[in-house]
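Each remark here refers to the structure printed beneath this line.
What you are looking at is a predicted structure, and each value in this text was computed from that prediction instead of being measured.
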Amino acid sequence: MPVAPVFVLPPLRYAFADGMLLFNGLVLSLGPGLHWLQGESGSGKTTLLRLLGAALPGLGAALFNGQTLHAGSPAWRQAVCWLDPSDPALDGLTPAALMALALQRHAQLDTAAWRQHIAGFGLAPHAHKTMHMLSTGMRRQAALAAVLAAGASLSLLDEPL
């Protein structure tokens, strides 16, 4: 028996500020589970994730479990977890402050799970450091720990490996 999609994005058209068209009629329909977005460098993967994470305007609405949610709304932010570990706005945050930021958007965030991820990634000795003091890999791990613990319906990770 086919599984109903958890997330359905109606046809998406997106152009950069300079008018260059990136997506024209892109449709996403995702069932439960893990999905990997692949493509050449510069093909729009990060832009799509930023749109889905409501970090860029222009998405509109999508269906989550049959319910229409508008990008950027409180319900959307609750359902979608997006943290870009390369975002300079995170530079002054410690991993715990990053988790607290995720907790503001995702009340269901499991802090015990976050601590387990931090320990599992070997970040506990670096917990006092701000993100700008961490290596690129450690920044990604700190963001990954927060996203995994958030319990969102859709968790977005950019180059998590």
If two hydrophobic side chains count as joined below 4.5 Å and joins carry through other members, does [X] share a cluster with [Y]?
X	Y	result
W114	L156	no
L59	L37	yes
L101	W76	no
I118	L83	yes
L49	L144	no

[X] side chain vs [Y] backbone, donor-acceptor pair below 3.5 Å:
X	Y	value
K129	L134	no
Q108	A150	yes
H128	A124	no

Could you go through residues 60-70 and list every donor-acceptor pair under 3.5 Å that involves a side-chain atom there, pairing it with any protein atom two or more places apart or in another chain?
none

Compare every heavy atom of [Y] with every heavy atom of [X], then report the nearest pair and how far apart it is.
X	Y	result
H117	L148	NE2-CB, 3.6 Å
K45	Q38	CD-C, 3.7 Å
Q78	R105	OE1-O, 2.6 Å
G72	A54	N-CB, 3.6 Å
A55	W82	CB-NE1, 3.7 Å
T94	A127	CB-O, 3.6 Å

Quick one: [atom1] on [X] to [atom2] on [Y], what's the gap to the nearest 0.5 Å?
X	Y	atom1	atom2	answer
D87	L98	CG	CG	10.0 Å
T130	L93	OG1	CG	8.5 Å
S135	Q141	OG	CD	7.0 Å

What orientation do F16 and Y14 show, parallel under 30°, tilted 30 to 60°, or perpendicular over 60°?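 Geometry flag for Y14 against F16: perpendicular rings.
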Do [X] and [Y] come close enough that some side-chain heavy atom pair is under 4.5 Å?
X	Y	answer
T136	R140	yes
V6	L30	no
S29	V8	yes
V27	L12	no

Run the side-chain contact (heavy atoms from CB on, under 4.5 Å) test against L28 and tell me which residues pass, sequence neighbours left out.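 Testing L28 for side-chain contact (heavy atoms from CB on, under 4.5 Å), a comparison that skips the adjacent residues, returns F7, L9, L48, L52.
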Please assess R139 against D91 for the test salt bridge (charged side-chain N to carboxylate O under 4.0 Å, His left out), listing each intermediate value before the final yes or no. CA-CA 9 Å; R139 282 179 75 106; D91 284 352; 2.8 Å; yes
Using the side-chain contact (heavy atoms from CB on, under 4.5 Å) rule, take L21 and R13 through it: C-alpha gap first, then chi angles, then the decisive distance, then the call. CA-CA 8 Å; L21 186 62; R13 179 179 169 83; 3.6 Å; yes
Under the criterion side-chain contact (heavy atoms from CB on, under 4.5 Å), I'd like the reasoning laid out for M138 against H126: C-alpha separation, chi angles, the key distance, then a yes or no. CA-CA 9 Å; M138 294 170 97; H126 306 282; 3.0 Å; yes
Yes or no on side-chain contact (heavy atoms from CB on, under 4.5 Å) for V147 and L157, after CA distance, side-chain angles and deciding distance? CA-CA 8 Å; V147 170; L157 307 168; 3.5 Å; yes
